[in-house]
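Written out below as structure tokens is the structure these notes cover.
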Amino acid sequence: MPTFLLKTEPSEYSFDDLTRDKRAAWTGVSNNTALAHLRAMRKGDEAFIYHTGDEKAIVGLAQVIKSAYQDPEQPGLNPKGEPKFAVVDLKPLRKARTPITLAQIKADKRFAAFPLVTQSRLSVMPVPSDIDTALRTLAGL
DNA sequence: GCCAACGTTGGC
DNA sequence: GCCAACGTTGGC
């Protein structure tokens, strides 16, 4: 079962907000590459939640409870007539015992191939299984 | 279809 | 506040 990483600006929607809400539609993904990754997420898959901005750290783990569906708030179509935007529904699983900072990830050679490092603007990405394992150990997740 | 101009993300 | 690294748009 693949794991993903989802970025969010905590002043807009944080992991604590998800914990409070118990479940939420993950909205706001508009980049096509990110949307393709979002659509690859299946019910039961897990996702690290990463805070951008001042925090720049992985802060928790969530789980997909509903795979991708058309964003009801943005019912636009692409040129092929397919829904342009998608969302997934998530629930919180655990908060990281120790958040893993971007600086830490960049300094660790094990993460050199991680899209979080190589593609700084991508907001939804798959996490390779070896990186997944290492991150969970570091974060206490 | 190309590409110049413009917009966005997100780290610094 | 700046700007690098993209993505998007629209004129041609």
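The sequence lines fix the lettering, A, B, ..., with proteins before strands; numbering per chain opens at 1.
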Please state how far atom [atom1] in [X] lies from atom [atom2] in [N], giving the value in whole angstrom units.
X	N	atom1	atom2	value
A:Lys106	B:dG10	NZ	P	13 Å
A:Glu55	B:dC12	CD	P	15 Å
A:Leu35	B:dT9	CG	P	12 Å
A:Phe114	B:dG11	CZ	P	13 Å
A:Lys84	C:dT9	NZ	C1'	11 Å
A:Met125	B:dG10	CE	C1'	12 Å
A:His51	B:dG11	NE2	C1'	17 Å
A:Asp54	B:dG11	CG	C1'	11 Å

#### Entry: Heavy-atom protein contacts under 4.0 Å, nucleotides 1-6 of chain C, coded B base, S sugar-phosphate only, - none
----BB
### Summary of salt bridge (charged side-chain N to carboxylate O under 4.0 Å, His left out) pairs that have at least one residue in residues 4-18 of chain A, sequence neighbours excluded
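Passing the test, one end in residues 4-18 of chain A: A:Asp16-A:Lys95, A:Asp17-A:Arg20.
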### Message
At 4.0 Å (heavy atoms only), tell me whether A:Ser123 reaches a base, stays on the sugar-phosphate, or touches nothing.
### Response
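Sugar-phosphate only.
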### Task
Could you identify which residues cluster with A:Met1, counting Ile, Leu, Val, Met, Phe, Trp and Tyr as linked when any side-chain heavy atoms lie under 4.5 Å apart, either directly or through a chain of such contacts?
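Under the 4.5 Å side-chain rule, A:Met1 groups with nothing.
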#### Entry: Residues that, via side-chain heavy atoms closer than 4.5 angstrom, fall in one hydrophobic cluster with A:Ile65
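Its cluster mates, by chain and number: none.
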Would you be so kind as to tabulate the donor-acceptor pairs closer than 3.5 Å made by side chains of residues 97-108 of chain A, with sequence neighbours excluded?
from: A:Thr101; atom 1: OG1; to: A:Gln104; atom 2: N; distance (Å): 3.1
from: A:Gln104; atom 1: OE1; to: A:Thr101; atom 2: N; distance (Å): 3.2
from: A:Asp108; atom 1: OD1; to: A:Arg110; atom 2: N; distance (Å): 3.0
from: A:Asp108; atom 1: OD1; to: A:Arg110; atom 2: NE; distance (Å): 3.2
from: A:Asp108; atom 1: OD2; to: A:Arg110; atom 2: NE; distance (Å): 3.4
from: A:Asp108; atom 1: OD2; to: A:Arg110; atom 2: NH2; distance (Å): 2.9

### Task
Give a yes/no answer on whether the side chain of A:Tyr50 brings an N or O atom under 4.0 Å of OP1 or OP2 in B:dT9.
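Result: no.
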### Task
Using only side-chain N and O atoms of A:Lys7, determine if any of them is under 4.0 Å from OP1 or OP2 of B:dT8.
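For B:dT8, OP1/OP2 do not have a side-chain N/O of A:Lys7 under 4.0 Å.
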### Under the side-chain contact (heavy atoms from CB on, under 4.5 Å) test, residues paired with A:Ser67 that sit two or more places apart
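Only A:Arg42 meet the side-chain contact (heavy atoms from CB on, under 4.5 Å) criterion with A:Ser67.
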### Query
When rounded to the nearest 0.5 angstrom, what distance separates CG in A:Asp21 from NZ in A:Lys91?
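The distance works out to 15.0 Å.
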